[in-house]
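To start, the structure under review is shown below, and the notes come after it.
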Number of protein chains: 2
Amino acid sequence: MPALDKKDLEILKLLQQNARMTIKEISEKVHLSTTPVHERIKRMEESGVIKQYVTLLNASKVGKGLMVICYVSLRQHSKNAGEKFIKGILEMTEVLECLTISGEFDFMLKVAVADMDEYYNFHVNKLSNIENVGNVQSVFVMGVVKMTQQLV
Amino acid sequence: MPALDKKDLEILKLLQQNARMTIKEISEKVHLSTTPVHERIKRMEESGVIKQYVTLLNASKVGKGLMVICYVSLRQHSKNAGEKFIKGILEMTEVLECLTISGEFDFMLKVAVADMDEYYNFHVNKLSNIENVGNVQSVFVMGVVKMTQQLV
DNA sequence: AATGAAACTAGTAGCCT
DNA sequence: AGGCTACTAGTTTCATT
């Protein structure tokens, strides 16, 4: 995979802001014809630079008004215990993000639910039900100051 | 804004997974013609249910190999101090996310940088340089188990 | 590695049911 | 509110430079 040049980065910048921008519009903005823009995008998709095109929704308008950051430590740190936890997490649609982190806890989750009742149910009946889940700590998101994925 | 029906949710599910899916392809998958699909999408864009179409990149392939979660508390909690902090954060391209949270700290940031040198520079020369920034604690992301925005 | 044109495919709007 | 049709616009490939 060759390095990204200036035009590639310009194209990525535009696509990050609007994944549905047409190739024609991109080509006008970066001062190329449609052919090279089309080829560059295809190349970046194939090389994995472009991971996915996604649509962001307004969380509260689709009934996900509460966001919670949730720290989890496992009781055991065997390979098996970790794998079971990960398998459980991947199946839970409430969990948007799961990161392995340094420090006191093993995992950090970002959880999106409708309200506190639903979060309580998630905590008690789903998360704590996974084998080996030890300490769990919840931090509630009160406001979103910034939320972007714009890497370049 | 009328509530979302089953077809709307089906369309949103598809667009969340692939924002560049054509209206024609969506219409085939949800068993409608292009006209109502086009109208439903337009309506959901206008009502704000659909916030944005974005492209996700492979962070390490665009030179952002290190992700850090960073907790910040302010020394003062006046309206002015908070606004200055937010203004600074919005300008820093390294900061992908900034949430106001419950608990010991005021803000949680998600920061994407190339490497530890760049993070050190961000911490010392950018973040700590904002007036009123008090305690800062960094948690390093060692792995990504799950990372999605799929709300419905 | 880009251009321009040609062939194909999709988006959009009006009209009908 | 959804389908059909016709028109407009975008995508994709190819010959050419």
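Reminder, nothing fancy here: chain letters follow the sequence lines and each chain counts from 1.
Distances from the side chain of A/K24 to the nucleotides C/dT12, D/dT12, D/dG10 place D/dG10 closest. If you check D/dG2, D/dT11, C/dT3 against the side chain of A/L32, the one that comes closest is C/dT3. Taking the side chain of B/I23 as heavy atoms from C-beta on, and the options C/dT12, D/dG3, D/dT11, the nearest nucleotide is C/dT12.
Between B/I41 atom CD1 and C/dG11 atom C1' there is a gap of 11 Å when expressed in whole angstrom units. Distance B/E28 CD to D/dG2 P: 17 Å, rounded to the nearest Å. Between B/M21 atom CE and C/dG11 atom P the separation is 11 Å, expressed in whole Å. Counting to the nearest Å, the P atom of C/dA2 and the CD1 atom of A/I26 are 15 Å from each other. Regarding B/K42, its NZ atom lies at a distance of 8 Å from the P atom of C/dT12, rounded to whole Å. The separation between A/M44 atom CE and C/dA1 atom C1' is 15 Å, rounded to whole Å. With rounding to whole Å, B/Y53 atom OH is found 13 Å from C/dG11 atom C1'. Atom CD of B/E25 and atom P of C/dA10 are 9 Å apart (whole Å).
The main-chain N or O of B/F107 is never found under 3.5 Å from a side-chain atom of B/T100 such that the two would form a donor-acceptor pair.
Relative ring orientation between B/Y71 and B/F105 is described as tilted, the plane-to-plane angle lying within the 30° to 60° band.
B/E83 and B/K79 are joined by a salt bridge, as a carboxylate oxygen and a charged side-chain nitrogen come within less than 4.0 angstrom of each other.
Counting heavy atoms of neighbouring residues, nucleotides and ligands inside a 6.0 Å radius, atom NZ of B/K29 does not exceed 12 of them. Counted within 6.0 Å of CD on A/Q150, heavy atoms from surrounding residues, nucleotides or ligands total more than 12; the atom is thus considered enclosed.
A/T35 comes within 4.0 angstrom of a nucleotide base, judged by non-hydrogen atoms across all strands. Residue A/T22 is in sugar-phosphate contact alone, with no base atom involved, counting any heavy-atom pair closer than 4.0 Å across all strands shown.
Mapping A/S33 and A/R20 onto DNA chain C by nearest heavy atom places A/S33 at the nucleotide closer to the 5' end.
Remark: B/H38 is not in phosphate contact with C/dG11, judged by side-chain N or O atoms under 4.0 Å from OP1 or OP2. Applying the 4.0 Å criterion to OP1 and OP2 of C/dA1, one finds that A/R40 has every side-chain N and O outside that range.
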